[in-house]
2 protein chains.
Amino acid sequence: MRMMRRKTGQRGAARTPAKTRILDAAETLFARTGFYGVSVREITEAAGVDVALVSYHFGGKRELFAAVFQRRAQLLNPERLAMLEQVRRQALPGAPALEDIVNAFTYPLLERSARGGPGWKSYFALIAQVNNSPEWGPILMTEYFDPLVERFIAVLREALPECDAREIYWGYQFLTGALTLTFAETGRIDKLSGGLCRSTDLDSVHARLAHYVAAGFRALCERARTESGRPAPAARRTRRATSGRTGQRAAR
Amino acid sequence: MRMMRRKTGQRGAARTPAKTRILDAAETLFARTGFYGVSVREITEAAGVDVALVSYHFGGKRELFAAVFQRRAQLLNPERLAMLEQVRRQALPGAPALEDIVNAFTYPLLERSARGGPGWKSYFALIAQVNNSPEWGPILMTEYFDPLVERFIAVLREALPECDAREIYWGYQFLTGALTLTFAETGRIDKLSGGLCRSTDLDSVHARLAHYVAAGFRALCERARTESGRPAPAARRTRRATSGRTGQRAAR
DNA sequence: ATTAAATTTCAACATTTGTTGAAATCGCAC
DNA sequence: GTGCGATTTCAACAAATGTTGAAATTTAAT
């Protein structure tokens with residue numbers, strides 16, 4: 001006889017499969033207190049599922065952690081890549097504006113975190129922690145995001161052809177740092193600003209980050225062009241602060 | 001009867017007190033795998049000290065964590081504040097350059113992480129994690145750093161008098177994100193750049209970050225000034241990407 | 001040398017940790 | 001229904017968790 005549909009539906013019901021429920025619960029809890037801050041039992045209880053199923057479905061706690069990380073990455077990255085290529089295509093025969101490149105990098109993330117539901121929100125909070133973790137960062141971020149990042153950096157280089165590659169890498173690093181801290185949504189900016197800004201207001205971030213970062217990139221390239229004379233490690237100078245000469249403006 | 005000298009050291013020696021050794025070991029290990037990733041026993045074994053001493057000297061594991069966090073913060077912040085005031089004084093009767101303000105914020109940190117010894121390095125890696133943790137960030141960062149941050153933001157506002165305060169708060173948030181990810185030293189930029197950039201090369205960061213951030217701040221203020229007409233949440237726009245008009249340069 | 005306080009040691013505590021096998025149950029093609 | 005593989009349950013494992021109280025030791029002032 002014909003089986004009924006499947007999925008969550010009413011009646012015979014067949015609720016979401018255990019594997020998915022575990023991933024969902026793990027996502028939430030890992031985002032809250034990190035890998036070691038949650039026990040397998042807490043996860044399975046939150047998922048309404050037996051403890052042993054973690055080993056059965058994933059092999060172990062670490063593999064579950066990686067699975068959580070991978071699940072949404074593989075949804076996200078193709079979309080980001082497509083957006084990047086679209087931006088690139090539209091700018092032909094020239095290179096796209098820096099703002100547009102950065103935007104293709106950040107927009108799919110900000111959009112899902114803002115309006116994709118609580119699962120996405122947890123996921124990005126988790127990324128914020130992993131990205132800043134010496135233990136997990138080099139493993140998970142590298143494995144699941146670096147191929148995409150390399151493509152982005154290539155396009156950035158096209159858009160800044162006379163710029164030393166190192167400036168681009170550092171500029172990208174500053175970008176990720178700013179972006180991931182935003183995802184952490186610790187509420188610190190709320191307190192600092194007395195409620196004027198809200199961590200959860202990712203539209204505000206979307207309106208600002210690309211401008212901020214693009215200007216930063218340009219400043220780095222400019223600096224490299226004009227200051228190439230002095231190697232500029234600085235760090236000795238007890239008295240004068242470093243700056244370049246670009247900044248006197250406000251003091252005049 | 002007379003006991004022999006002490007223990008390890010030769011002569012009167014008086015090796016570092018247990019409390020300090022615990023803090024040192026905890027700093028290293030917490031930085032590596034976070035609060036839950038290390039047991040009290042691992043810490044005390046690394047410190048060469050009995051387990052019970054953590055409870056005796058600090059009260060418990062959580063209090064130890066906070067103590068680690070506080071120890072160097074109280075060394076750091078007065079110095080940063082002094083540098084900020086010095087920068088401010090030198091610029092009178094005008095306001096300091098943005099680069100100099102940012103530099104007063106970051107230089108004491110970068111300098112210690114680069115040349116202050118392994119303890120400082122661990123400390124900043126720990127900060128990177130705490131700053132991006134929804135669990136600890138709002139507690140520890142706020143308590144130990146926000147008074148200082150408020151002063152910095154006040155000076156930033158002096159330097160950008162016509163700029164909406166919100167731009168400054170967001171600009172600051174992007175700055176901390178970029179800075180703390182740098183402290184994490186995950187080695188990701190090393191792989192990405194094929195060895196061209198090194199996470200540990202904080203002099204490179206020092207030479208770049210202030211320029212990047214200062215340019216970012218200016219771009220935010222400029223955006224607020226010119227785009228105030230459209231509320232600019234965007235997020236719809238399928239075609240045109242955001243950019244301003246500044247970015248065409250490379251495409252020409 | 002005597003004393004009292006501060007520090008360190010030791011052993012044990014009740015929980016909780018991740019993982020595992022064997023049994024039970026389910027889904028579904030025959 | 002029968003049978004079979006996939007999934008779930010249950011109970012238990014050894015190891016590790018943070019904390020504590022009592023005893024031993026060290027430290028420093030008298």
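In what follows, every chain begins at residue 1, and chains take the letters A, B, ... in the order their sequences are listed. Please read all numbers here as calculations on a predicted model, not as lab measurements.
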*asked:* Centroid separation under 6.0 Å, is that true for the rings of A:Trp170 and B:Tyr212?
replied: no
_Within the supplied structure, the quantity of interest is the number of heavy atoms (other residues, nucleotides, ligands) at a distance under 6.0 Å from B:Arg166 CZ; does it exceed 12?_
no
*Ignoring hydrogens and geometry, is there a side-chain-to-backbone donor-acceptor pair from B:Arg198 to B:Asp190 under 3.5 Å?*
no
Would you list the protein and nucleotides 5-7 of chain D atom pairs, both N or O, that sit under 3.5 Å from each other?
{"residue": "D:dT7", "atom": "OP2", "partner": "A:Tyr56", "partner atom": "OH", "Å": "3.1"}

*Look up atom CG in B:Leu53 and atom OG1 in B:Thr44, then write down how far apart they are to the nearest 0.5 Å.*
8.0 Å
_Between B:Thr142 and B:Ile139 (side chain of the first, backbone of the second, donor and acceptor by atom type, cut-off under 3.5 Å), is there such a pair?_
no
_Rounded distance in Å - CZ (B:Arg21) to P (C:dT8)_ = 10 Å
*Regarding B:Ser133 and A:Gln129, is there a side-chain donor-to-acceptor distance under 3.5 Å anywhere?*
no
*Can you tell me the distance, in whole Å, between the CZ atom of A:Arg62 and the C1' atom of C:dT19?*
14 Å
*Distance, rounded to the nearest Å, where A:Glu45 contributes CD and C:dT15 contributes P*: 16 Å
*Parallel, tilted or perpendicular: rings of B:Phe145 and B:Phe69 (30°, 60°)*: perpendicular
*Rounded distance (Å) that lies between atom P of C:dT17 and atom CG of A:Leu29*: 12 Å
*Could you give the CZ-to-P distance, from A:Phe58 to C:dG18, as a whole number of Å?*
15 Å
*asked:* What is the distance, to the nearest angstrom, from the CZ atom on B:Phe35 to the P atom on D:dT17?
replied: 13 Å
Protein-nucleotides 11-16 of chain D N/O pairs closer than 3.5 Å?
{"residue": "D:dA12", "atom": "N6", "partner": "A:Arg41", "partner atom": "NH2", "Å": "3.2"}

*asked:* Whole angstroms only, please: what is the NZ-C1' distance between A:Lys61 and C:dT16?
replied: 11 Å
*Under the side-chain hydrogen bond (donor to acceptor under 3.5 Å, both in side chains) test, which residues partner B:Ser39, sequence neighbours left out?*
B:Glu42
